[in-house]
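I have placed the structure first, in the form of structure tokens, so that the comments after it can refer back to it.
Atoms within a ligand are numbered from 1 in the order they appear, just like the ligands themselves.
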Amino acid sequence: MSRIMNFNPGPAALPVVALERARDELLDFEGSGMSVMENSHRSKVYEAVHDRALSLLRELMAIPEDYDVVFLQGGASMQFALVPMSFLPPGGSADHIAMGAWSEKAHSEAAVWANAVGARARVAASTREGGYTRVVRPEEVKLDDGAAYVHYASNETIHGVQYRQLPTFGRASQVCDMSSDILSRKFDVAPFSLIYAGAQKNIGPSGVTIVIARHDFIEQGRKDLPKILQYRTHVEANSLLNTPPTFGIYLVRNVLDWLQSSGGVDAIEKQNGMKAAELYAVIDAHREFYRCPVELESRSVMNAVFRLPTEALDKLFVDEAKKASMVGLKGHRVIGGIRVSLYNAVEPTWVSTLCTFMKDFVNRHG
Ligand code: PMP
């Protein structure tokens, strides 16, 4: 067996310990004579896994008691639709902060709903003109006083732009897409009304979506939607309304157990900071060659993006890295260049190996 250095943007590298545990437990899960995915989602065996995953998440993120946590399906993209469906009423408005491909997508989905019900999905600020190379600063945001909520993304996975400190905008409810940096650092959940994230970067495999929301906010959600589209239904059913992605949730449990036993969010935050610092130092030491378009304070700790002097060199970089067992480095097709994803399970030694490769590459081709 040879595992390679995986810098994929998502689905992304998973901790090897979590995968080994899944391998060891695959055929006979806890003496049930079958794998966890062959057990009923109503069985005691599965329920323990499910509840453990939920409680680990609460513990690791210090989620306050008055918040609900649910596992849903449909990815973060489903949340782009469900949030306005629940919380953007006819005649109302929602404020969107647009600072990259994903927060734009969230806005355009909200606009579809707004259009259908006679509401408004506003762009309260955007960095589109500058090519999404920095975060939106709170002072440039033009909020609507009556907005039902403000939506933003904490980390733009494609553009490599991240809020190093999480802001709050005005007094409306704060809704945040944390798909690509949840669990990467400590932060206070309390200012947020609703947080969501697809699992496939820092939490587990794709197919599981995490929603963390204040209970009273969930209660405000629209009540005449089909039940399956209402958050409250999933809260009441403890995320077991219908058959959940049991194997995905099982893997989430394994990843969270790994995170807890490796020192929790504090420890991983330090490690993530060191990985990013090492990589950006190489980029900055060769700034004529590795060009990072993102402003210094907005650079993402999770997704570092840069370009080489030509597209041909970008391609050569990716090809040579692959020969050296490093994959997942090609930038998103929308912006090209190189993207290095540095999620929790990306090991510091991989980053060091990549940095050595980058220094050598610039010596040969710079
Ligand atoms: N938001 C962000 C910040 C993302 O990075 C992604 C996926 N890369 C999405 C939303 C969409 O997630 P999904 O594919 O789970 O719908």
Side-chain angles (χ1 to χ4, degrees), residues 6-14 70-85 94 96-113 121 126-128 132-136 149-164 166-167 174-185 187 192 194-213 229 239 244-245 248-249 251-252 255 272 294 298-305 328-335 339-346:
N6 177 1
F7 296 97
N8 273 334
L14 288 166
V70 285
F71 294 137
L72 301 179
Q73 301 188 60
S77 302
M78 180 69 96
Q79 299 307 307
F80 295 165
L82 288 188
V83 166
M85 288 169 75
H96 281 255
I97 311 297
M99 57 178 219
W102 292 111
S103 49
E104 286 284 4
K105 191 79 188 289
H107 170 256
S108 59
E109 284 290 84
V112 172
W113 175 255
S126 169
T127 53
R128 181 193 292 198
Y132 306 117
T133 55
R134 62 173 177 82
V135 296
V136 163
Y149 60 86
V150 179
H151 179 285
Y152 73 97
S154 50
N155 182 59
E156 285 288 353
T157 322
I158 294 175
H159 289 89
V161 169
Q162 182 182 33
Y163 277 114
R164 293 292 184 94
L166 293 173
Q174 309 286 309
V175 175
C176 194
D177 174 2
M178 296 197 189
S179 292
S180 48
D181 63 359
I182 193 166
L183 283 172
S184 69
R185 58 172 164 191
F187 74 97
F192 296 94
L194 189 148
I195 293 165
Y196 62 87
Q200 65 270 24
K201 289 114 171 34
N202 273 338
I203 312 177
S206 61
V208 182
T209 311
I210 280 137
V211 176
I212 300 160
L229 301 181
S239 308
I249 292 169
L251 278 164
V252 167
V255 171
N272 287 334
V294 181
S298 300
R299 286 175 171 183
S300 171
V301 169
M302 292 281 101
N303 311 95
V305 297
L329 295 166
K330 193 165 182 284
H332 191 277
R333 62 197 139 74
V334 170
I335 63 164
R339 167 172 52 177
V340 186
S341 296
L342 299 164
Y343 303 126
N344 289 355
V346 168

field: No-hydrogen, no-angle side-chain donor-acceptor test under 3.5 Å, Tyr343 and Asn272
entry: no

message: I'd like the contact residues of ligand 1, where contact means a heavy atom below 4.0 Å.
response: Gly75, Ala76, Ser77, Phe80, Trp102, Asn155, Thr157, Asp177, Ser179, Ser180, Gln200, Lys201

query: Ser300 pairs by side chain to side chain contact (heavy atoms under 4.5 Å, CB included) with which of Asn155, Val135, Thr157?
result: Asn155

task: Fit a plane to each ring of Tyr149 and His96, take the angle between them on a 0 to 90° scale, and name the class: parallel (under 30°), tilted (30 to 60°) or perpendicular (over 60°).
output: perpendicular

message: According to side chain to side chain donor-acceptor pair (under 3.5 Å), who are the partners of His159, at least two apart in sequence or on a separate chain?
response: none

message: List the residues meeting side chain to side chain donor-acceptor pair (under 3.5 Å) with Gln162, not counting sequence neighbours, and say none if there are none.
response: Asp181

message: I'd like to check the side chain to side chain donor-acceptor pair (under 3.5 Å) partners of Tyr152; sequence neighbours left out, ordered by chain and number.
response: none

